[in-house]
Colleague: 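Got a structure for you, questions after.
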There are 2 protein chains.
Amino acid sequence: MTAQPHILVVDDSRDIRDLLVRYLQTHGYRATAADGAAAARRILKTNSIDLAVLDVMMPGEDGLSLCRTLRSEHDMPVIMLTARGEEIDRIVGLEMGADDYIGKPFNPRELLARIGAVLRRANSLPRKARASDTKRIRFEKWVLDTAQRELVTSDGVAVPLSAGEFRLLIAFLERPKISLTRDQLLDLTQGRTADPFDRSIDNAVSRLRRKIEEDPKNPRLIKTVWAGGYVFTGDPVAA
Amino acid sequence: MTAQPHILVVDDSRDIRDLLVRYLQTHGYRATAADGAAAARRILKTNSIDLAVLDVMMPGEDGLSLCRTLRSEHDMPVIMLTARGEEIDRIVGLEMGADDYIGKPFNPRELLARIGAVLRRANSLPRKARASDTKRIRFEKWVLDTAQRELVTSDGVAVPLSAGEFRLLIAFLERPKISLTRDQLLDLTQGRTADPFDRSIDNAVSRLRRKIEEDPKNPRLIKTVWAGGYVFTGDPVAA
DNA sequence: GAGCCACTGACACACTTTGCGACAAAACAC
DNA sequence: GTGTTTTGTCGCAAAGTGTGTCAGTGGCTC
């Protein structure tokens, strides 16, 4: 996680979403809102989120079901929002694996304290080694050795990757054939948002292409999406 | 932790203590009671406790102070009991590192759910390989003899480690494939925080590399994560 | 197709971070 | 006390990364 943790707020009420997002942003967090479980899943596909704040009661798929996914698939801390007094919800929420809950209406400072506490706990404990921490991933003629942070061809040539190149490549490999904007790539690789004239992603892509593309002038693995960022077109498979 | 987690209940009110202990015992836990911080410390000396439930307000040393000790010295999950509505207490409690809190009067089933959630969380995380407790740890071509504080190769060559090198290596071995910042490493090896221009970790890493790396110029075991610290890429196993 | 504009690729350069040798301070052994 | 080992600090060189510029390209309108 980087200096500014990224919080995902999921609530069907626009008022609460906006209020929370603004409040979190003025207190040192990046915040993104989703109006329901579907939107939340969409955002999770292309953004790196450090913690989620979920409303329990939402039309359609409810917060509990989403919470289960977040915990099991993304290993992500979750704080639930619940109407005051609904003890059953709280209990079920905790049993479902939420890290904390807070009753509505809530004291914003208390929410901040809880977010801080949950994040601190998540970071102080060793993170569960993620798939990308141990696997080897094959794509085209390359095998990415994630432990050694280097690329190897089948004939044994090893190409070391810098930290930035490695993070960028992982971001692509985990989202093949999905077009990613510069903002999303910046979020995924560095957990920050773009300056108005940010060219760092262009540069990072350029440098990565020089290492993995047969002919960097005619890239085949990382294609440019005009006015839309980049897309990785390879077929990564665990190896 | 054994099949029956052992809960320590600390509260100055005898009624609440007895109620809690009995309730926990009928729900699959072992439970021990203490009427104050002093008694709690005494019990901790001779019992293995998996989780503590602390009253915030107690005569003498209060729950917050005890909580701090438990977290820092015993690395133990803590749930705080607080009078309903005392939001300040809750917030301070969370900031103090409590894993959860519950307001009095509480629904016993809710307390059970919270205990279950906190214990599950504590266990779901990869158990810290208590490297320092194990006699010997093997990684790559080395075997670390923690008693002798030296490294041995399979062909019998022994390399002695200084105290600092040993602590650093242990910190890495307990968290393989996890990127650690200089701050974290400084905290883990010396329990202090970094000065603005602190280069001591860089040096410690450099010195450790010279001892354990085949080719210190191209380190394979301890990789640099640019602007992010270092990561140990080996596969330590108890031996 | 020509002209226009926004966007991108490539590069140079500045800046930040890191590696490591040298030295000094501190800790330790005797 | 002295001598030895260990550890922190400083300085410089090297590596990694972000910014600014400029030329070139894609997409649009006419």
Side-chain angles (χ1 to χ4, degrees), chain A residues 2-3 149-151 159-171 179-231, chain B residues 149-151 159-171 179-231:
Chain A
T2 51
R149 299 176 157 240
E150 66 186 14
L151 283 163
V159 178
L161 295 172
S162 75
E165 290 160 354
F166 179 75
R167 281 196 302 266
L168 182 61
L169 182 53
I170 289 286
S179 160
L180 298 165
T181 66
R182 288 176 176 70
D183 263 348
Q184 292 169 333
L185 287 168
L186 212 47
D187 181 21
L188 293 167
T189 54
Q190 318 199 77
R192 67 181 181 89
T193 48
D195 301 334
F197 300 100
D198 208 307
R199 305 300 311 284
S200 59
I201 287 295
D202 299 63
N203 237 306
V205 169
S206 178
R207 283 166 178 148
L208 182 56
R209 275 177 174 159
R210 258 171 272 174
K211 291 200 177 174
I212 68 171
E213 295 282 2
E214 204 81 53
D215 173 12
K217 295 273 184 186
N218 281 45
R220 305 184 54 78
L221 284 168
I222 303 177
K223 297 262 195 194
T224 303
V225 180
W226 212 80
Y230 300 92
V231 59
Chain B
R149 299 199 156 203
E150 66 182 13
L151 284 162
V159 178
L161 294 174
S162 75
E165 289 161 353
F166 180 76
R167 280 197 304 270
L168 182 61
L169 181 54
I170 289 287
S179 149
L180 298 165
T181 64
R182 288 177 176 69
D183 264 351
Q184 290 172 314
L185 287 168
L186 210 48
D187 184 28
L188 291 166
T189 53
Q190 317 198 91
R192 68 181 180 89
T193 48
D195 302 334
F197 300 101
D198 207 308
R199 306 297 309 284
S200 59
I201 287 295
D202 300 60
N203 256 290
V205 169
S206 179
R207 282 163 180 149
L208 182 55
R209 274 176 175 159
R210 255 172 278 176
K211 293 198 176 175
I212 68 171
E213 294 281 2
E214 204 82 51
D215 172 11
K217 295 272 182 187
N218 280 43
R220 303 193 61 76
L221 283 169
I222 303 176
K223 294 267 188 186
T224 303
V225 181
W226 211 82
Y230 300 92
V231 57

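No experiment lies behind these values; they were computed from the predicted model shown. First the proteins, then the strands, lettered A, B, ... as listed; each starts at 1.
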Colleague: From the options D:dT7, D:dG26, C:dC11, select the nucleotide whose nearest atom is closest to the side chain of B:Ser162.
Modeller: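 Within the option list, the nearest is D:dT7.
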
Colleague: Rounding to a whole Å, what distance do you find between A:Lys223:NZ and C:dG9:C1'?
Modeller: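 In whole Å, C:dG9 C1' lies 16 Å from A:Lys223 NZ.
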
Colleague: Does D:dG8 have its OP1 or OP2 closer than 4.0 Å to a side-chain nitrogen or oxygen of B:Gln190?
Modeller: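 Checking D:dG8 against B:Gln190, a side-chain N or O does come within under 4.0 Å of OP1 or OP2.
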
Colleague: I want to check one thing: is the phosphate of C:dC20, taken as OP1 and OP2, less than 4.0 Å away from some side-chain N or O of B:Ser206?
Modeller: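 Affirmative; the distance criterion is met.
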
Colleague: Would you say the side chains of A:Asp183 and A:Thr181 form a donor-acceptor pair under 3.5 Å?
Modeller: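 Checked: A:Asp183/A:Thr181 side chains show no N/O donor-acceptor pair below 3.5 Å.
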
Colleague: Sequence neighbours left out, what passes salt bridge (Lys or Arg N to Asp or Glu O under 4.0 Å) with A:Lys223? Give chain and number order.
Modeller: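 A:Lys223 satisfies salt bridge (Lys or Arg N to Asp or Glu O under 4.0 Å) with no residue once adjacent residues are dropped.
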
Colleague: Under 4.0 Å: is that the gap between some side-chain N or O of A:Arg199 and OP1 or OP2 of C:dA12?
Modeller: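 Checking A:Arg199 against C:dA12: no side-chain N or O falls below 4.0 Å of OP1 or OP2.
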
Colleague: Ignoring hydrogens and geometry beyond distance, is the side chain of B:Asn203 in donor-acceptor contact with the base of D:dT9 at under 3.5 Å?
Modeller: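 It does, because a donor-acceptor pair links the side chain of B:Asn203 to the base of D:dT9 below 3.5 Å.
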
Colleague: For D:dG18, does the base pair up with any side-chain atom of A:Arg207 as donor and acceptor (N or O, under 3.5 Å, distance only)?
Modeller: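 Check passes, donor-acceptor contact within cut-off.
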
Colleague: Give a yes/no answer on whether the side chain of B:Tyr230 brings an N or O atom under 4.0 Å of OP1 or OP2 in C:dG19.
Modeller: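 Checking B:Tyr230 against C:dG19: at least one side-chain N or O falls below 4.0 Å of OP1 or OP2.
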
Colleague: Could you pick out which residue, A:Asp195 or B:Arg167, lies toward the 5' side of DNA chain D when each is mapped onto its nearest nucleotide?
Modeller: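 By nearest-heavy-atom nucleotide position, the 5'-most residue is B:Arg167.
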
Colleague: Can you find a side-chain donor-acceptor pair between B:Arg209 and B:Thr224 that sits under 3.5 Å?
Modeller: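 On atom types as modelled, these side chains qualify, holding a pair under 3.5 Å.
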
Colleague: Please determine, for the side chain of A:Trp226, which listed nucleotide (D:dG27, D:dG16, D:dG8) has the closest atom?
Modeller: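 Ranking D:dG27, D:dG16, D:dG8 by closest atom to the A:Trp226 side chain puts D:dG27 first.
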
Colleague: To the nearest Å, how far apart are B:Leu208 CG and C:dT18 P?
Modeller: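 Checked: the CG to P distance equals 17 Å.
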
Colleague: Report the nucleotide, chosen from C:dG9, D:dG18, D:dT17, that has the shortest atom-to-atom distance to any side-chain atom of A:Arg192.
Modeller: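 Minimum distance to the A:Arg192 side chain belongs to D:dG18.
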
Colleague: Hey, are A:Glu165 and A:Arg207 close enough for a salt bridge, meaning a charged N less than 4.0 Å from a carboxylate O?
Modeller: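 Salt bridge between A:Glu165 and A:Arg207, a charged N being under 4.0 Å from a carboxylate O: no.
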
Colleague: Between A:Arg182 and B:Thr224, name the one whose nearest nucleotide on DNA chain C is closer to the 5' end.
Modeller: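 Going by which nucleotide is closer to the 5' end, it is A:Arg182.
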
Colleague: Figure out the CG/C1' separation between B:Asp202 and D:dC12, and round it to whole Å.
Modeller: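 That distance rounds to 14 Å.
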
